[in-house]
Amino acid sequence: MPSIAAARASNAKYSPSYVPVAIFVGGTSGIGRAIAQAFARYTQGNAHIILCGRNEAAASSIIASFPRPTAPEAKHEFVQCDATLMKNVAATTSALLNRLPKVNFVVLSSGVFSLKGRNETSEGIDRKLALSYYARWKFTSDLMSLLREAKDAGEDAKVMSILGPGNGGNIDLDDLGLKKNYGVLRTALTTPAYNDLMFEAFAERDPSISFVHVYPGAVRTPMLGTLMKIAFYPLTISPEDCAEHMLYALFNVEGGAHRRDNRGDDMGKKRYYGSEEARRRLWDHTVEEITRSATT
Ligand SMILES: *[C@@H]1O[C@H](CO)[C@@H](O)[C@H](O)[C@H]1NC(C)=O
């Protein structure tokens with residue numbers, strides 16, 4: 001279990017010979033914001049960093065906190081996208097595909113905290129599932145050709161999803177998308193299992209690219225209410241410390257699907273709820289849902 005100091009020391013060794021391109025979906029707040037800032041710091045600002053989210057004002061102040069780059073290819077920018085709609089994700093990724101030569105890192109941390117029931121978008125997908133699963137799947141799928149460009153050039157090509165390996169539960173294969181039987185607890189158990197299966201399926205198709213599903217632990221983010229933050233202060237960590245562990249996980253995987261815990265350690269198949277059948281059926285369901293959402 002790497003300590004925070006060990007994680008920082010390891011991250012400080014990251015010094016690519018090229019200017020990396022990194023996209024942070026959900027990078028305007030919470031853990032995504034803290035990882036983007038740590039990444040900017042470790043690259044001395046010499047990276048093409050794209051913050052993707054809804055809040056432009058938040059993005060501007062985050063970008064202002066990054067070190068000023070010296071490399072001409074470096075760039076720090078905000079791309080607006082409300083990822084609850086798959087149409088929006090499609091518009092965002094097609095614009096990126098048109099102008100980026102490659103992508104080295106995709107960090108997915110979009111999410112929403114809600115204890116309410118199913119809340120569908122105009123595309124018929126529940127908002128929480130959209131942010132913690134479908135949009136993450138679509139960003140990964142759409143950007144795969146740019147990740148391959150990076151890999152073919154001998155560079156890093158990695159996707160990280162921040163959610164909850166080990167915190168999932170059995171999934172109902174006859175109710176994929178939770179349209180019949182939705183519940184807050186059921187959603188909380190289902191989305192981590194979906195994320196495991198999603199990355200296994202992508203890794204099967206592109207084994208040289210790295211896919212890391214990582215558990216952030218209890219982090220003092222805006223999503224955690226103020227009272228909870230005070231009550232559980234000793235048990236929680238700051239987004240900044242969390243970001244070090246998440247970057248450690250990102251920098252220390254090479255190819256294939258991985259599950260990492262809140263210290264960035266390999267979890268293997270601990271509390272894993274997948275199967276070959278689940279992986280195949282979830283993939284088919286997801287392709288169907290996303291194809292259908294494009295026509296609504
Ligand atoms: C559903 O989500 C929308 C958009 O976030 C929100 O305005 C609305 O209040 C939500 N409805 C319910 C019933 O939670």
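First listed ligand is number 1; within each ligand, the first listed atom is number 1. Position 1 is the first residue of the sequence; numbering continues from there.
Protein heavy atom at the shortest distance from atom 4 (C) of ligand 1 is Arg127 NE, 3.4 Å. For atom 13 (C) of ligand 1, the nearest non-hydrogen atom of the protein is Asn119 ND2, 4.4 Å.
Listed by chain and residue number, Arg280 satisfy the side-chain contact (heavy atoms from CB on, under 4.5 Å) test with Asp284 (two or more places apart in sequence, or in another chain). Residues passing the side-chain contact (heavy atoms from CB on, under 4.5 Å) test with Arg68, sequence neighbours excluded: none.
The nearest protein heavy atom to atom 7 (O) of ligand 1 is not closer than 4.0 Å.
Remark: the backbone N or O of Val21 is paired with a side-chain donor or acceptor of Asn104 at under 3.5 angstrom.
For the residue pair Asp196/Tyr273, the side-chain donor-acceptor check at 3.5 Å is not satisfied.
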